[in-house]
Amino acid sequence: MDQELKQSFPVDWVEDNYVSRREFFKFLTLASGGLAAGSVGMAVFSSINRGRISFEPAMIANVSDVPVGGSLQFSYPRPQDLCVLIQPKAGEYVAYSRRCTHLSCPVEYQPEHERLYCPCHNGAFSLTDGQVLQGPPPRPLPKVLLEVRGAEIYALGVSHQEVKEG
Amino acid sequence: MKSVEEARHEQRSATFIGLLLFNLMLVLIQIWLCFGVVENLVDGKPAMAVPAAIGSLVCFGVNVWMYFGVVRLEKERL
Ligand code: FES
């Protein structure tokens with residue numbers, strides 16, 4: 001029975017699974033084409049997106065919305081750019097992007113440690129300047145520039161800070 | 001003593017393996033470029049995307065050129 005089956009369907013697995021050097025070369029070249037197409041796609045995507053971000057001043061909260069030691073979420077400059085506004089001391093406001101500079105998890109404010117914490121890989125950022133305190137994030141958090149106008153708080157722009165040495 | 005045909009075959013084989021390794025190296029460079037661009041984009045810095053795309057296209061061009069070279073090499077053998 002087994003012999004009969006083999007004769008009717010003469011499949012040679014070794015030969016069937018054999019990949020010639022030329023096929024492998026072709027596969028690598030195709031992979032290279034895919035990567036090149038991906039890179040071009042990302043370049044096009046980034047240049048389309050670049051012109052769209054505008055840092056118009058925007059009212060983000062009322063002074064009374066954020067208690068001392070409390071925080072408030074807002075979006076700036078685009079609706080998908082989540083940020084957090086914090087009042088660590090009375091009359092002192094700071095705001096940062098909530099997107100962790102490691103792999104983009106949202107960071108959260110920890111008033112008891114006076115820091116912004118990323119639960120994904122245990123990263124933490126300073127409340128005073130957004131610098132990395134611990135964990136894998138390679139860069140500080142982007143800081144939102146603020147201005148208090150009367151009873152309203154305005155976001156004026158976003159500053160991408162450099163890593164402080166030492 | 002090797003025959004001329006054997007020597008040629010060995011030479012072709014060595015050339016092929018050399019090209020294959022070079023191809024692999026270019027693909028690894030492209031992967032590295034891709035990761036670099038993604039990391040920069042996530043960080044809101046798109047400046048690297050265009051040079052990386054040009055670099056990646058050059059690598060692809062070289063790979064295609066080598067592939068046709070390999071096809072020619074194989075044809076010569078037949
Ligand atoms: S994503 Fe924030 S530490 Fe990894």
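Listed here is the closest heavy atom pair of B:V27 and A:S32: CG2-CB, 3.9 Å. Shown here for A:A36 and B:L57, the closest heavy-atom pair between the two residues is CB-CD2, 4.0 Å. Residue A:S39 comes nearest to B:A53 through the heavy atom pair O-CB, 3.6 Å, listed as atom of the first residue, atom of the second, then distance.
The candidate with the highest count of non-hydrogen atom pairs below 4.5 Å against chain A, out of B:N63, B:V71, B:V64, is B:N63. No other option in B:I17, B:L26, B:I31, B:I54 has as many heavy-atom pairs under 4.5 Å with chain A as B:I31.
Both the backbone and the side chain of B:L20 come within contact range of chain A, with heavy atoms under 4.5 Å apart. Contact of B:V70 with chain A is made through the side chain alone, with heavy-atom distances under 4.5 Å. Both the backbone and the side chain of B:C34 come within contact range of chain A, judged by heavy atoms closer than 4.5 Å.
A:M59 is not connected to A:V66 by any chain of hydrophobic side-chain contacts under 4.5 Å among Ile, Leu, Val, Met, Phe, Trp and Tyr, and they are in different clusters. Hydrophobic clustering places A:V63 together with A:Y76 (ILVMFWY residues linked when any side-chain heavy atoms are closer than 4.5 Å, directly or through intermediates). Residues A:V107 and A:L133 fall into different hydrophobic clusters, defined by Ile, Leu, Val, Met, Phe, Trp and Tyr side chains chained together at heavy-atom separations under 4.5 Å. At a threshold of 4.5 Å between side-chain heavy atoms, the hydrophobic network of Ile, Leu, Val, Met, Phe, Trp and Tyr places A:L127 and A:V132 in one connected group. Hydrophobic clustering (side-chain heavy atoms under 4.5 Å, transitive across Ile, Leu, Val, Met, Phe, Trp, Tyr) keeps A:I86 apart from A:V68.
Heavy-atom neighbours of A:K26 NZ from other residues, nucleotides or ligands within 6.0 Å: at or below the threshold of 12.
To the nearest 0.5 Å, the span separating CG on A:L28 from CE on B:M66 amounts to 9.0 Å. Here CZ of B:F68 is found 9.0 Å from OG1 of A:T29. Values are rounded to the nearest 0.5 Å.
Using a 4.5 Å heavy-atom cutoff, the side chains of B:M48 and A:S46 are not in contact.
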With a cut-off of 3.5 Å and sequence neighbours excluded, list every side-chain donor-acceptor pair involving residues 149-156 of chain A.
{"from": "A:R149", "atom 1": "NE", "to": "A:E147", "atom 2": "OE1", "distance (Å)": "2.6"}
{"from": "A:R149", "atom 1": "NH2", "to": "A:E147", "atom 2": "OE1", "distance (Å)": "3.3"}
{"from": "A:E152", "atom 1": "OE1", "to": "A:Y154", "atom 2": "OH", "distance (Å)": "3.2"}

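Contacts of A:F25 classified as ring pair (Phe, Tyr, Trp, His ring centres under 6.0 Å), with partners at least two apart in sequence or in another chain: B:F16.
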